[in-house]
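Every value quoted in this text rests on a predicted model; they were computed, and no experiment measured them. Every chain is numbered from 1, with letters handed out A, B, ... down the list of sequences.
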There are 2 protein chains.
Amino acid sequence: MNQIKATIEHVEGTLRERIQQRAYGPGEQLPTELALTAEFGVSRATIRTVLTRLASEGLIIRRQGAGTYVNQRVGEVNTLGGLLDYGRLITESGYQPTIQSISMLQREATEAEAELLNLAPGEPVMVLVRLFLADERPFILATNVIPQALFSSNDDFYDGRLPLHLFLQQYCQQTIAYAIYEISPTQADDAKTIQLLNCPPGQQLLQFATTFYNQADRPLVWGHSTYDDSVVKLRFMQSWV
Amino acid sequence: MNQIKATIEHVEGTLRERIQQRAYGPGEQLPTELALTAEFGVSRATIRTVLTRLASEGLIIRRQGAGTYVNQRVGEVNTLGGLLDYGRLITESGYQPTIQSISMLQREATEAEAELLNLAPGEPVMVLVRLFLADERPFILATNVIPQALFSSNDDFYDGRLPLHLFLQQYCQQTIAYAIYEISPTQADDAKTIQLLNCPPGQQLLQFATTFYNQADRPLVWGHSTYDDSVVKLRFMQSWV
DNA sequence: AAGTGGTCTAGACCACTTT
DNA sequence: AAGTGGTCTAGACCACTTT
């Protein structure tokens, strides 16, 4: 009567939790696939589906003939699961995240924005400016531009501190399927950036220009963020099978 | 008598080729999984293994109930399959790559290098300095440090123009399993960089600090690269299932 | 020789989208 | 209602590593 229906989700969640809480520590061997089938009472194909997902993130490493191991260096990386969510980046770096909503206003799309978001020039957009802090230290200033047309409901309050994907889910009923990032070097040169990020003029910064799309390839958000990496370094992991 | 043994590889290679050569163009629907099983004469599980790999790179998008589609924007990204291979990054950006071997010498590891490569300080390392050009324009200056102990054979010639993973395969019999990248902003400040990258002093650049590991978590290479993104922008894609 | 993950089959039913 | 991908089973044999 207490049947768990979403088997894959359950197995995946359980294994992620065990790795996160070091029940399976860095470098340690996971139970064999056969042992996992026995423990969870599912077929090997189900187990392998889950392990494939974890391996593609670099969380585990599988060696034919030898076993499946927790990646020894997961702890050194702060972008596991992607850059979508700056809040999580902060958490994974070991800090306490705070998100401040600096401003939220409606205006007409610039030509560039209209182009990127597949809008006619002048169509209304919502502009969110937010500041991310790690342990009270500001280090990301993010501007996100969302077509006003996506806001189906007529809410009169939007919580600007929600992670972007939850914001879109909540107020636009849209799910982000993929994103394209452009990363470039920049420096603190305008007064607003210098003030909000609390950094000296000329400080070298990273800039992300990102477009988020849904499954139907429709652009949902265009954003650009300025990232002060003297606070938190940006560390990616990439794995090959 | 003409049996193809590596079924998955064959299917995967064929589908990649078709996408690359636009037999399946951007945004177009792929044949259904059922159709692919018929065409290749394999089970659906085999087809799904391949499609899962392509989807995790963002090459295709699968929509339950609707079909499998080539990502409309694959062409906008130049890091598909990862940053491992700068030569491919250039190709994917539409340029002709050239790799120049600037220097290749043996010396003692610095303390920092020894730490990163799990060596005792002073152990010998091989240092490769290489310049990557896109259509004759220099844009990446890469330094790679490899423990001398990895060079098993006593070759007296090393081809410094090989992509790093082939270099390691060839001369060290080592396969890269994963890498950890740190991306930071920097600027052209030393004479050598300015000269080789042919850029004005103070030009803003990206810097990658990368450590490559094998399956047994052994560090194989530590590298740092300076990247002039005024030549080729760095564009990532990230997808969520 | 025993144990491990990798490939592969031939089904079944479900969730979701399209027609 | 028909078609599509998602989940799931219960096997089999292979390639590779460890004992």
If you compare every side-chain N and O of [X] against the phosphate oxygens of [N] (OP1, OP2), does one of them come in below 4.0 Å?
X       : N      : value
B:Arg44 : C:dA10 : no
A:Thr68 : C:dG5  : yes
A:Thr46 : D:dT9  : yes
A:Thr7  : D:dT7  : no

Heavy-atom nearest nucleotide on DNA chain D for A:Tyr69 versus A:Ser43: which residue maps closer to 5'?
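Here A:Ser43 is the residue nearer the 5' end.
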
Quiz item: At under 4.0 Å between heavy atoms, what does B:Arg63 touch on the DNA or RNA strands: base, sugar-phosphate, or nothing?
Solution: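 Contact class for B:Arg63: sugar-phosphate only.
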
Quiz item: Which part of the nucleic acid does A:Ala66 contact within heavy-atom distance under 4.0 Å: base, sugar-phosphate only, or nothing?
Solution: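 Sugar-phosphate contact only.
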
**Asked** Going by heavy atoms closer than 4.0 Å, what residues in residues 26-39 of chain A are next to DNA chain D?
**Response**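 None, since no heavy atom is under 4.0 Å.
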
How long is the line joining [atom1] of [X] and [atom2] of [N], in whole Å?
X        : N      : atom1 : atom2 : value
A:Phe40  : D:dT7  : CZ    : P     : 16 Å
A:Ile61  : D:dT17 : CD1   : P     : 15 Å
B:Arg62  : C:dC16 : CZ    : P     : 16 Å
A:Gln64  : D:dC16 : CD    : P     : 6 Å
A:Gln215 : C:dA15 : CD    : C1'   : 13 Å
B:Glu12  : C:dC8  : CD    : P     : 11 Å
B:Arg48  : D:dT4  : CZ    : P     : 14 Å
A:Ile47  : D:dC8  : CD1   : P     : 10 Å

Tightest non-hydrogen contact, residues B:Leu80 and B:Arg88, listed as O-NH2, 3.2 Å

Work out which heavy atom in A:Val125 is nearest to a heavy atom in A:Pro147; give both atom names and the distance.
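Looks like CG1-CA, 4.0 Å.
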
Exercise. Regarding A:Tyr178 and A:Asn214, is there a side-chain donor-to-acceptor distance under 3.5 Å anywhere?
Worked result: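 Not at all, the side chains of A:Tyr178 and A:Asn214 share no donor-acceptor pair under 3.5 Å.
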
Is it true that atom CG of A:Leu166 has more than 12 heavy atoms of other residues, nucleotides or ligands lying nearer than 6.0 Å?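 Check passes, neighbour count above 12.
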
One thing to verify: whether A:Glu39 and A:Arg18 come together as a salt bridge, which I'm taking to mean a side-chain N less than 4.0 angstrom from a carboxylate O.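 Yes, this pair counts.
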
Across every strand shown, the nucleotide meeting Watson-Crick or G-U wobble geometry with C:dG6 (both distances under 3.5 Å) is D:dC13

TODO: Quick one: sort the A:Tyr171 and A:Phe167 rings into parallel, tilted or perpendicular, breaks at 30° and 60°.
DONE: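 Plane angle over 60°, so perpendicular.
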
Whether B:Arg62 engages the ring of B:Tyr69 as a cation-pi pair (distance to the six-membered ring centre under 6.0 angstrom, angle to the ring normal within 45°) should be assessed.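 Not satisfied by the 6.0 Å and 45° rule.
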
